[in-house]
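To start, the structure under review is shown below, and the notes come after it.
Below, read A as the first sequence line, B as the second, and so on, with proteins coming before strands; counting in each chain starts at 1.
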Number of protein chains: 2
Amino acid sequence: MSVSRPMGRVTLADVAKAAGVATMTVSRYLHGNPNISAATARKVKAAIDRLGYRPNYAARVLMGQPSKVIGLILPNLANPFFSLIAHCVQQAAHARGYLVWIAATNDDPSSDLELIERMHDHHVDGLLLASSPGSTIPLEKMGGIPTVAIDRPLRGAGVDFVTVDDRTAAREAVSHLLQHGYKRIAITGIDAQIRPIQERILGYQDAMHAAGLPALPYIRCDDAASAIQICKTLRSGKRPIEALFPLNGDTSVLFLEAFEELRISIPRDLAFFSYGDIPLSRAIRPRLSAVQQPIEAMAEQATLRLLEQIEQKTKPSRVRIKIPASLVIRESCGCKRKGEIKTIPSM
Amino acid sequence: MSVSRPMGRVTLADVAKAAGVATMTVSRYLHGNPNISAATARKVKAAIDRLGYRPNYAARVLMGQPSKVIGLILPNLANPFFSLIAHCVQQAAHARGYLVWIAATNDDPSSDLELIERMHDHHVDGLLLASSPGSTIPLEKMGGIPTVAIDRPLRGAGVDFVTVDDRTAAREAVSHLLQHGYKRIAITGIDAQIRPIQERILGYQDAMHAAGLPALPYIRCDDAASAIQICKTLRSGKRPIEALFPLNGDTSVLFLEAFEELRISIPRDLAFFSYGDIPLSRAIRPRLSAVQQPIEAMAEQATLRLLEQIEQKTKPSRVRIKIPASLVIRESCGCKRKGEIKTIPSM
DNA sequence: CTGAAAGCGCTTACAG
DNA sequence: CTGAAAGCGCTTACAG
């Protein structure tokens with residue numbers, strides 16, 4: 001039975017008095033210190049349970065104790081890619097007794113630093129973050145707190161970085177399209193300043209060059225209107241595009257809607273490969289071929305590495321870990337398969 | 001220029017010494033206390049900037065000052081409905097100087113209480129939460145912290161509750177299907193213990209009864225296999241179903257995949273209405289008619305009410321605020337429209 | 001095995 | 001307008 005105490009919470013001193021011991025002894029009990037007699041431990045436990053004592057983290061943290069909280073800073077929680085990361089990080093951390101505090105920058109580079117500092121102000125034990133494009137965080141701003149960058153590197157901070165092997169995945173997807181005989185393959189997507197997008201562009205170029213074909217310029221596309229415009233442009237002229245490869249999920253959705261609007265038939269009029277598997281990819285006709293991103297694995301690895309740094313107090317190795325993606329081959333690329341998964345070997 | 005200080009952070013005392021004043025004076029400056037001379041303020045500001053001082057929230061909070069943080073507890077961050085709530089709450093709170101700490105229960109009722117307590121341990125100024133089905137939080141556990149329930153009520157805790165007007169929205173959707181002449185309309189979805197699902201079931205029953213038709217029993221559906229099974233059952237027999245109305249977005253996706261698998265043609269074989277608009281609803285054939293949930297408005301209202309309680313120190317009114325949804329009429333219900341929006345008046 | 005004292009970085013009365 | 005003292009709830013040495 002917990003005693004409600006509207007005036008304020010139960011403190012260590014209350015517990016100590018109730019148990020007839022010093023506060024030190026209660027503190028020792030709480031931290032599992034073995035130098036405590038069984039009888040005393042029993043009395044303390046009884047007092048804690050009876051009073052419903054809960055430690056005051058503000059006081060603990062003020063004494064330099066760990067907060068058992070990690071911070072997670074993401075560009076945008078409304079994006080399924082990042083919300084899945086949030087979900088997986090949360091799961092992995094919770095299983096190890098950590099709370100996760102999530103904040104979003106909404107792709108505003110100045111938010112990065114502000115949120116990092118506010119997380120520090122609140123004494124997180126470690127930080128996981130996918131930075132905004134263009135943000136550079138000076139090493140000293142990290143304040144020596146264990147940090148791991150996820151999906152996007154943290155320029156300037158010299159920390160571990162866990163990412164999908166985007167370059168290889170994009171190269172393999174384009175190679176697959178090339179095997180169908182398509183020669184004019186266009187790429188499109190969001191802000192090319194974003195590191196994973198840069199990597200995917202490189203992968204596209206790798207595949208095109210390996211086939212002795214010219215790489216087409218990357219086309220920026222952020223909204224429905226430009227998707228429609230891009231479709232019209234790419235399919236007109238004397239050398240229309242044969243295949244389209246949007247480099248991120250949101251852009252894929254935009255183009256799928258444009259195809260419907262313009263009555264472009266996939267893969268007859270245009271072959272299509274999506275980067276990132278979309279919820280409805282199996283409900284749509286034709287079923288979408290896509291790069292399947294190992295989001296769960298990436299989030300877990302990043303979390304584990306961070307907790308390791310926190311608890312073993314290991315130094316960041318400044319290493320870059322690339323997790324291999326795979327390809328799901330369905331029908332939009334021109335195949336007649338139902339969902340064959342192609343594993344991509346790690347580079 | 002901030003000075004890096006690997007040993008520890010810059011403290012108020014450091015600033016006071018550098019400015020040649022007492023710590024009190026610095027504290028006054030920080031809190032915008034007017035009883036401070038312009039000259040002193042200038043000296044203090046200079047010292048703060050030069051040393052790169054940042055307040056230690058653990059110490060502030062220990063003295064009973066606000067943390068400027070609100071906690072957000074959600075069932076599942078991988079679900080687009082909740083991740084959009086997280087995004088909007090984050091936006092609204094950040095605009096008012098609050099940080100948001102997000103945690104997920106993963107639909108485990110025992111997690112609710114644990115997370116609430118951990119949030120309290122870390123001195124959040126207020127709490128926003130969508131509870132797990134079946135969890136009851138005793139009022140005293142809330143510890144007098146301002147709290148607002150979002151989407152799902154918090155049983156036992158007597159707090160404000162902001163939700164979508166699910167009952168009316170479901171009723172209107174079913175009425176629309178009835179106007180098409182369908183008489184056998186089935187409903188399906190996740191755990192019926194969840195309050196919004198209960199409300200939607202009631203809305204369905206309202207519409208059926210108003211039309212003098214029997215309401216069909218709710219069918220639980222959690223995975224792809226059962227979606228397929230349900231399709232087969234509902235469409236066989238001598239009185240096959242004419243329209244299907246899944247009561248949540250995830251279930252809609254499951255059924256769309258099942259239709260594709262079983263080659264069920266919408267709306268010819270079966271009319272379909274989705275609860276919750278899905279990203280690809282405009283890319284899919286036929287375009288989906290759906291209840292459009294006012295997620296942004298709900299999240300903003302809930303956040304604003306919470307911040308009001310925190311800052312004006314108003315009492316929770318234990319009021320239930322229902323935000324009206326709207327209907328997007330496209331083609332899956334049997335219409336030939338492109339995306340007409342039907343506003344539903346508030347009840 | 002147990003405890004009395006000091007202190008973490010701030011703010012709250014209280015003086016002047 | 002400014003400051004010296006006490007204390008928030010814990011933990012860290014240090015004694016015994």
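- With rounding to the nearest 0.5 angstrom, the CG atom of A:L30 is 11.5 Å from the OG1 atom of A:T25.
- Counting any heavy atom pair closer than 4.0 Å across all strands shown, B:V61 reaches no nucleic acid atom.
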(request) Output, in order, the C-alpha distance, side-chain angles, deciding distance and verdict of side-chain contact (heavy atoms from CB on, under 4.5 Å) for A:E117 and B:R54. (result) CA-CA 9 Å; A:E117 293 191 320; B:R54 300 217 107 220; 3.2 Å; yes
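- With a cut-off of 3.5 Å on both pairing distances, the Watson-Crick and G-U wobble pairs of DNA chain D assemble into stems of 3 or more at C:1-3 with D:14-16, C:5-12 with D:5-12, C:14-16 with D:1-3.
- Among the heavy atoms of the strands lying under 4.0 Å from A:Y53 are primed sugar atoms or P, OP1, OP2 only; no base atom is included.
- No salt bridge links B:D14 with B:R50; every basic N to acidic carboxylate O contact stays at or beyond 4.0 Å.
- Nearer the 5' end of DNA chain C, as judged by each residue's closest nucleotide, is the contact made by B:M63, out of B:M63 and B:R28.
- With 3.5 Å as the limit, one finds a donor-acceptor pair spanning the side chains of B:H87 and A:N106.
- Here A:I36 lies in heavy-atom contact (under 4.0 Å) with sugar-phosphate atoms only.
- Nucleic acid contact class of B:N56 (heavy atoms, under 4.0 Å, all strands): sugar-phosphate only.
- Here the range on DNA chain C touched by chain A, meaning any atom under 4.0 Å from one of its heavy atoms, is C:dC1 to C:dG9.
- Of all the heavy atoms in B:A78 and A:L84, the pair that sits closest is CB-CD1, 4.2 Å.
- Toward the 5' end of DNA chain D, the nearer of the two residues A:Q65 and A:A58, judged by each one's closest nucleotide, is A:A58.
- More than 12 non-hydrogen atoms from other residues, nucleotides or ligands lie less than 6.0 angstrom from NZ of A:K43.
- No donor-acceptor pair under 3.5 Å is formed between the side chain of B:R195 and the backbone N or O of B:R152.
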(request) Kindly indicate, with the supporting measurements, whether the criterion side-chain contact (heavy atoms from CB on, under 4.5 Å) is fulfilled by A:N56 and B:H123. (result) CA-CA 9 Å; A:N56 184 327; B:H123 303 266; 2.8 Å; yes
